Amino acid sequence: MASILRFRKQCYVEPVKFQFFQPQTFDKKEETVATEAKTALENNEKRNKRQQKERSCVNSCCCVIGYMCTTWWLLLVLFNCLPAAFPGFQVPESPGTRLKREGLTALHPVVLVPGIVTGGLELWEGKPCAEGLFRKRLWGGSFTEILKRPLCLLEHLALHNETGLDPPGIRLRAVPGLVAADYFAPGYFVWAVLIENLAKIGYEGKNMHMAAYDWRLSFQNTENHSGGPQSPNDVSVSLLAHVPEILIRDQTLSRLKSQIELMYVTNGYKKVVVVPHSMGVIYFLHFLKWVETPPPMGGGGGPGWCAKHIKAIMNIGPVFLGVPKAVSNLFSAEAKDMASIRAMDPGLLDSEILRLQALEHVMRVTRTWDSIASLLPKGGETVWGNLDWSPEEGYACDLSKKRYLQASAGDKDTNGSDVKMGFHVKDSNKYGRIISFGKETLQLPSSQLPSVDTKWKSSDPLNLILEKCSFHLHKWVLIKILQQEFLGTRTIKNTNSSCGGEVWTEYDEMCRETIRKIAENKPYTARTALDLLRFVAPKMMQRVDSHLSYGIADNLDDPKYTRYKYWSNPLETKLPDAPDIEIYCSYGVGIPTERSYVYKLSPNDRCKSIPFRIDSSVDGDKDSCLRGGVYLADGDETVPVISAGFMCAKGWRGRTRFNPSGIATHIREYRHKPPASLLEGRGLESGAHVDIMGNFALIEDVLRVAAGATGTEIGGDRVYSDIFRMSDRINLRL
């Protein structure tokens, strides 16, 4: 047998060389052909080896993902198979079961308003690559299609860069009903636990509604673009005049108005309790102004509509004043977690072998979503601080040193500082510098720092164009760029001569000298960070500025504040005249939350790459809040306390110019407690931004208010953080 195998190897693997053949002679032409054939064969072998290496890397990544998913599912199955009374692992009784036993029943209809990303999107029209996916979820659910065709999915999730609406030939729409946002993915709940507990006291489809919407759009675009341009110079609005067939979208605001009116009538004229989460909070704030505004810009409900139909608004994880994380997302498509991954494996996200360029793809898509821009910080330096000051000064980042005091039954209704305790550090944290380039800038006083180039803030687009590149522009190139800036055309794919082909992000249209100049202007505050985004992404911000505003109103009676771009900013709009409504700010505390960032120029200088990244090598001393290039403050891991609680603590507290009718406000903070065991899932006392939706204390508050309780009856304010002290430091005219 061994002899046969040796013979087979010689005959079929290594061709036999017979000595009795006469050597053949070749002319020069035949020798050249033979050489070329040999070279082609060698190149082919090298290419095959390289492809095998790439496939090996891809297969390894897929295997790792597969092992992680398999382990997760096995643990989930194990949890579901364990008996309910397994010793030491009993899950506490759910709030719905306990309150039902106490006699609590459904009373007021409930409307749930999901936030960004968590709502499902399904396909109604798509490109050939999406064949067979009609009315299937492209976002939310199992995400199986993402793994099969990720680039196709990203193409369908992106919106039109100039209009912020559907691209030609693509229609994604929000999944309707409670299933729209009960689970983000199998086993990962969002609203499911709250819905289940509401059902236990008698809620069902007739008195509970999920106000699903396309969370990618600007808030007014979820309705339509009626009402005319915001201003005569609004370029993005004038572009829409040429595409009337896509002006009308889902009319989501009108549907929400009709649904609330229907639930009000069919449930015995009981007012509605609205429960928005995250970005849904400012989406519903926009709705409050829209519904009472006359048509065509508004819903035509008239003054008194809110007072008639709404009992309470229980805001969960509110983002009233925005989040710094939105700045880093639009500037470099990353945040603390992504920077940490890059620090552990610097080559993964920029791998030439895998050709991922994941962050570039993310930026390319998310910069078409106006919803991301709606989360940019509002209130400027007055709220978020300047180069030398911030309202969080003295915050202790080592939460083990922060001794929160349990609020007793007697002091739950207090707004004094004795309910919480802060730990003051020696060195002040430069929270006001939302973006800084280099650690050394954090130690310097503002007098020694270079100021931001005032030319960047020029309102003349021509100055912006001329500042973008230092090389000579021929007259015809200048004309083309002017067309691109003012008409939104893409006749020039790339003004950076070193890169060719399609433009991925607006960084591809900037030359390297300008990029280095940005880093030379070291620190950026909440005010100048907006100017920075207007410079590096002028087309995106031109579209965004027609739908959103980030300032503080001097005079709320000025007619300009009747425009919808101001309605989602609580510092530029009034609450409705409805003194019987109650507004709750319910959010988690006790988790380090991103507040500001230290950046550096990216060492990767290739085309179609993001030129800036968080410098994860920068850390402060043991008492510093600086970790991995990110300054951390108190919050729910996503929203800092100052954004979630300021309006209820000060901006709307009592009769103010933002709350002329004196709507009652209540702060309900939930101190984060990680799960005691794996069997607790994501925690029954979690304060994290999404996990708080399963917090039993929060669920009990929602159920009691829905059953008729007032804010005073559930305990009034419950405060563990320094929100009142921070709010007092903000010098805002009320």
Side-chain angles (χ1 to χ4, degrees), residues 110-127 130-150 152-159 164-167 169-196 198-199 203-219 221-224 246 248-260 262-263 274-281 283-284 287 316 365-366 368-372 374 690 693:
V110 173
V111 172
L112 312 175
V113 186
I116 191 171
V117 174
T118 54
L121 298 174
E122 60 185 15
L123 182 70
W124 283 82
E125 181 183 4
K127 299 292 186 180
E131 185 70 28
L133 299 180
F134 175 69
R135 290 205 62 203
K136 292 185 178 180
R137 289 197 182 198
L138 291 193
W139 186 260
S142 64
F143 288 96
T144 54
E145 297 304 327
I146 294 181
L147 300 177
K148 293 179 181 177
R149 30 193 157 180
C152 181
L153 173 82
L154 291 175
E155 180 184 6
H156 285 75
L157 285 176
L159 296 169
L165 293 167
D166 295 319
I170 294 177
R171 280 186 296 149
L172 259 65
R173 296 295 181 262
V175 175
L178 294 174
V179 297
D182 54 352
Y183 288 90
F184 177 65
Y188 191 91
F189 71 84
V190 182
W191 292 90
V193 178
L194 178 58
I195 292 172
E196 181 181 358
L198 284 166
Y203 281 93
E204 53 184 285
K206 68 181 180 182
N207 54 6
M208 181 167 51
H209 172 71
M210 179 74 74
Y213 60 98
D214 189 339
W215 44 262
R216 302 171 300 161
L217 303 173
S218 69
F219 302 147
N221 274 348
T222 62
E223 174 70 10
N224 55 42
I246 60 172
I248 303 299
R249 264 296 307 244
D250 309 336
Q251 295 187 304
T252 307
L253 299 175
S254 294
R255 294 172 187 269
L256 178 55
K257 174 177 178 284
S258 299
Q259 185 65 36
I260 290 176
L262 176 64
M263 296 174 75
V274 184
V275 188
H277 173 243
S278 188
M279 191 188 75
V281 169
Y283 180 72
F284 193 75
F287 171 83
I316 302 176
V365 173
T366 55
T368 67
W369 298 347
D370 290 332
S371 57
I372 300 290
S374 73
V690 177
M693 303 294 284

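This structure is a prediction, so every number in the text was calculated from the model and none was measured.
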**Q** Work out which heavy atom in Pro276 is nearest to a heavy atom in Val274; give both atom names and the distance.
**A** CD-O, 3.5 Å

**Q** If you look at every heavy atom in Met263 and Val110, which pair is closest and at what distance?
**A** CE-O, 3.6 Å

**Q** Does the side chain of Val179 reach to within under 4.5 Å of the side chain of Arg137, using non-hydrogen atoms?
**A** yes

**Q** On a heavy-atom basis, which atom in Ile316 and which in Met693 lie closest, and how many Å separate them?
**A** CG2-SD, 3.9 Å

**Q** Do any pairs count as a salt bridge (charged side-chain N to carboxylate O under 4.0 Å, His left out) and have a residue in residues 209-219, sequence neighbours left out, and if so which ones?
**A** Asp214-Arg216, Asp214-Arg249

**Q** Is the backbone of Leu157 close enough, under 3.5 Å, to the side chain of Trp369 for a donor and an acceptor to pair up by distance?
**A** yes

**Q** Drop me the distance from Glu204's CD to Leu198's CG, to the nearest 0.5 angstrom.
**A** 12.0 Å

**Q** Shortest non-hydrogen contact from Val111 to Ala211?
**A** CG1-CB, 4.1 Å

**Q** Atom OG in Ser374, atom CD1 in Ile372: separation rounded to 0.5 Å?
**A** 7.5 Å

**Q** Identify, with sequence neighbours excluded, every residue that meets side chain to side chain donor-acceptor pair (under 3.5 Å) alongside Arg149.
**A** Glu145

**Q** For the pair Leu194 and Phe189, evaluate side chain to side chain contact (heavy atoms under 4.5 Å, CB included) and give the outcome as yes or no after the intermediate values.
**A** CA-CA 10 Å; Leu194 178 58; Phe189 71 84; over 6 Å; no

**Q** Given 3.5 Å as the limit, does a donor-acceptor pair link the side chain of Glu223 with the main chain of Leu253, or not?
**A** yes

**Q** Heavy-atom distance under 4.5 Å between the side chains of Phe184 and Trp191, does that happen here?
**A** no

**Q** Verify side chain to side chain contact (heavy atoms under 4.5 Å, CB included) between Phe287 and Ile260, making sure each step is shown before the conclusion.
**A** CA-CA 12 Å; Phe287 171 83; Ile260 290 176; 4.2 Å; yes

**Q** Nearest 0.5 Å, please: how far is CH2 in Trp139 from CG in Leu172?
**A** 11.0 Å

**Q** How far does CZ of Arg135 sit from CG of Leu123, to the nearest 0.5 angstrom?
**A** 11.0 Å

**Q** Apply side chain to side chain contact (heavy atoms under 4.5 Å, CB included) to the pair Phe143 and Leu153, showing each step before the final yes or no.
**A** CA-CA 10 Å; Phe143 288 96; Leu153 173 82; 5.8 Å; no

**Q** What's the spacing between Arg171 CZ and Phe134 CZ if we round to 0.5 Å?
**A** 8.0 Å

**Q** Check Thr368, Asp370, Leu165, Ile170 against Leu159 for a side chain to side chain contact (heavy atoms under 4.5 Å, CB included) and give me the one that passes.
**A** Thr368

**Q** Please tell me if the side chains of Leu112 and Ile195 come closer than 4.5 Å, counting only heavy atoms from C-beta onward.
**A** yes

**Q** Answer yes or no: is there a donor N or O on one side and an acceptor on the other, between the side chain of Trp215 and the main chain of Gly115, under 3.5 Å?
**A** no

**Q** Under the side chain to side chain donor-acceptor pair (under 3.5 Å) rule, collect the residues that match up with Tyr283, sequence neighbours excluded.
**A** Thr222

**Q** Taking all heavy atoms of Ala212 and all of Ala180, pick out the closest pair and write down the distance.
**A** CB-CB, 3.7 Å

**Q** Give a yes or no on whether the backbone of Gly140 and the side-chain of Tyr183 come within a donor-acceptor separation of less than 3.5 Å.
**A** no

**Q** Does the side chain of Met210 come within less than 4.5 Å of Pro114's, by heavy atoms?
**A** yes

**Q** Which residue pairs satisfy the salt bridge (charged side-chain N to carboxylate O under 4.0 Å, His left out) criterion with at least one member in residues 172-194, sequence neighbours excluded?
**A** Asp166-Arg173, Arg173-Asp250

**Q** Taking all non-hydrogen atoms of both residues into account, name the closest pair between Gly169 and Glu125 and its distance.
**A** O-CG, 3.6 Å

**Q** How would you list, by chain and number, every residue that makes a side chain to side chain donor-acceptor pair (under 3.5 Å) with Ser142, sequence neighbours excluded?
**A** Thr144

**Q** For Glu122, enumerate each residue passing the side chain to side chain donor-acceptor pair (under 3.5 Å) test, keeping only those at least two apart in sequence or located in another chain.
**A** Trp124

